[in-house]
J.: 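So that we are looking at the same thing, I have put the structure below in structure tokens.
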Amino acid sequence: MSLVTARPFNFELDPAHAALLIIDMQRDFVEPGGFGESLGNTVEPLQAIVPAIASVLAAWRAMGGLVVHTRESHAPDLSDCPPAKRLRGSPSLRIGDVGPMGRVLVRGEPGNQIVPALAPVAGEVVIDKPGKGAFYATDLQHQLQAHGITQLVVAGVTTEVCVQSTLREANDRGYDCLVLEDGTASYFPAFHAAALAMITAQGAIVGWSATSTELLAGV
Ligand code: TIU
């Protein structure tokens, strides 16, 4: 056990039973020309967190800890993409349309790959997820149980959408979750701050938060 300075109070990290869960750090969200930009967003706030996640990833790998990456993605025939999701709003490109990085949010396309600085290596778990939460319609729960995981250190994008959905799903399944303040980001900085506040309020109602520096001091 090691004590990580965190909010709303210190987090007792159990490295042998903790996984690093990196949510959707794929080109579709982080680079221009992808799904995120198609929704009218600018991607710079998401690019800014890559170095912090990379430093935690390097430490986690050195420690021999389990790393799980997720990608928001759909089958090429879009059979796992509800029309309600594809037809929502007025994006410049819809899910499945051909953009500068291939078909938007479709598995196997260039835009669906995790950014090179955070690319998975052999032995790491990669979860393709059709929803915002990483447990919905995936085998994430099975993977975590098979590895004896009880705690999650969570990074990725976006804080108030896929990160928060996944944290809530994980919390309900009994995991203690620590979200990285500088390893998560939103296209809307105010939403990032609000999501962290919601997660940690009421005595860590959904989880804890800490900076990557605070986490690394305890790893
Ligand atoms: N749009 C947005 O903020 N997020 C997503 O659509 N997916 C994730 O958060 N990964």
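Indexing begins at 1, ligand by ligand and atom by atom, following the structure's order.
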J.: Do you know which two heavy atoms are closest between Val43 and Glu31, and how far apart they sit?
T.: CG1-O, 3.8 Å
J.: Which atom pair, heavy atoms only, marks the closest approach of Gln164 to Glu160?
T.: NE2-O, 3.5 Å
J.: Ligand 1: which residues have a non-hydrogen atom closer than 4.0 Å?
T.: Asp24, Phe29, Phe35, Leu39, Glu72, Lys132, Val157, Thr158, Val161, Cys162, Tyr187
J.: Would you please name every residue forming a side-chain contact (heavy atoms from CB on, under 4.5 Å) with Pro100, sequence neighbours left out?
T.: Leu93
J.: Is there a donor-acceptor pair closer than 3.5 Å between any side-chain N or O of Arg103 and the backbone N or O of Gly99?
T.: no
J.: Looking at Lys85 and Glu72, does any basic side-chain N land under 4.0 Å from a carboxylate oxygen?
T.: yes
J.: May I ask you to check whether over 12 heavy atoms, not counting those of Glu12, lie within 6.0 Å of atom CD?
T.: no
